[in-house]
Amino acid sequence: MEKRVAVLAIIVKDPDSVAPLNGLLHQYGQYIISRMGVPYRERGVNIISVALDAPGGVISALSGKIGRLSGVTAKTVYAPEDL
């Protein structure tokens with residue numbers, strides 16, 4: 001399967017979902033290029049961006065699993081396929 005470069009944008013509203021989220025990111029750690037998290041205390045959310053280099057199916061699976069966590073929103077942006 002061909003690998004893709006993507007950025008996964010995650011917004012966490014429910015603090016109880018932080019541990020399961022970190023578990024998923026650890027599970028997929030071999031595909032993570034970088035990760036940046038910013039707490040936005042005024043709005044009560046955490047904003048996380050994760051850069052990935054992985055097969056498309058792996059990226060979709062991770063995004064879907066994260067998006068099913070309570071109080072978590074995840075969206076993925078893919079680099080052009082010829083990258």
Side-chain angles (χ1 to χ4, degrees):
M1 187 179 268
E2 188 174 329
K3 292 174 78 177
R4 300 283 308 268
V5 174
V7 176
L8 180 56
I10 306 166
I11 298 182
V12 182
K13 178 74 175 164
D14 184 353
D16 292 335
S17 292
V18 172
L21 171 60
N22 284 331
L24 285 169
L25 294 175
H26 179 75
Q27 180 182 343
Y28 286 82
Q30 68 189 38
Y31 302 108
I32 294 175
I33 301 167
S34 70
R35 172 182 170 180
M36 178 183 68
V38 179
Y40 188 11
R41 290 179 185 88
E42 291 83 12
R43 295 285 197 137
V45 297
N46 292 298
I47 303 163
I48 303 167
S49 63
V50 180
L52 300 160
D53 187 1
V58 170
I59 295 169
S60 294
L62 175 59
S63 180
K65 289 176 183 179
I66 289 173
R68 285 190 291 275
L69 294 173
S70 174
V72 178
T73 303
K75 299 292 179 187
T76 306
V77 177
Y78 290 89
E81 288 189 39
D82 61 349
L83 182 65

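FYI, the numbering just counts along the sequence from 1.
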Flag for Ser63-Thr76: side-chain donor and acceptor within less than 3.5 Å: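 A donor-acceptor contact under 3.5 Å links the two side chains.
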pair [X]-[Y]: side-chain heavy atoms closer than 4.5 Å:
X	Y	answer
Asn46	Ile11	no
Leu8	Leu52	yes
Leu21	Ile66	yes
Lys13	Arg43	no

Point-to-point distance, once rounded to the nearest 0.5 Å, from CD1 of Ile48 to CE of Met36: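 Interatomic distance, Ile48 CD1 to Met36 CE, rounded to 0.5 Å: 10.0 Å.
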Test side-chain contact (heavy atoms from CB on, under 4.5 Å) applied to Leu69 and Val12, Leu24, Asp14, the passing residue: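 Answer after filtering Val12, Leu24, Asp14: Leu24.
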side-chain contact (heavy atoms from CB on, under 4.5 Å) partner of Asp53, chosen from Ile32, Val5, Val58, Ile59: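 Result: among Ile32, Val5, Val58, Ile59, Val5 is the only option passing the side-chain contact (heavy atoms from CB on, under 4.5 Å) with Asp53.
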Verify same cluster id: Ile10, Tyr31 (apolar side-chain graph, 4.5 Å):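 Same hydrophobic cluster.
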Lys65 to Gln27 - nearest heavy-atom pair and separation: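 Minimum heavy-atom contact is NZ-NE2, 4.1 Å.
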Least distance between heavy atoms, Gly56 atom then Tyr78 atom: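 Nearest pair, atom of Gly56 first, then Tyr78: O-OH, 4.0 Å.
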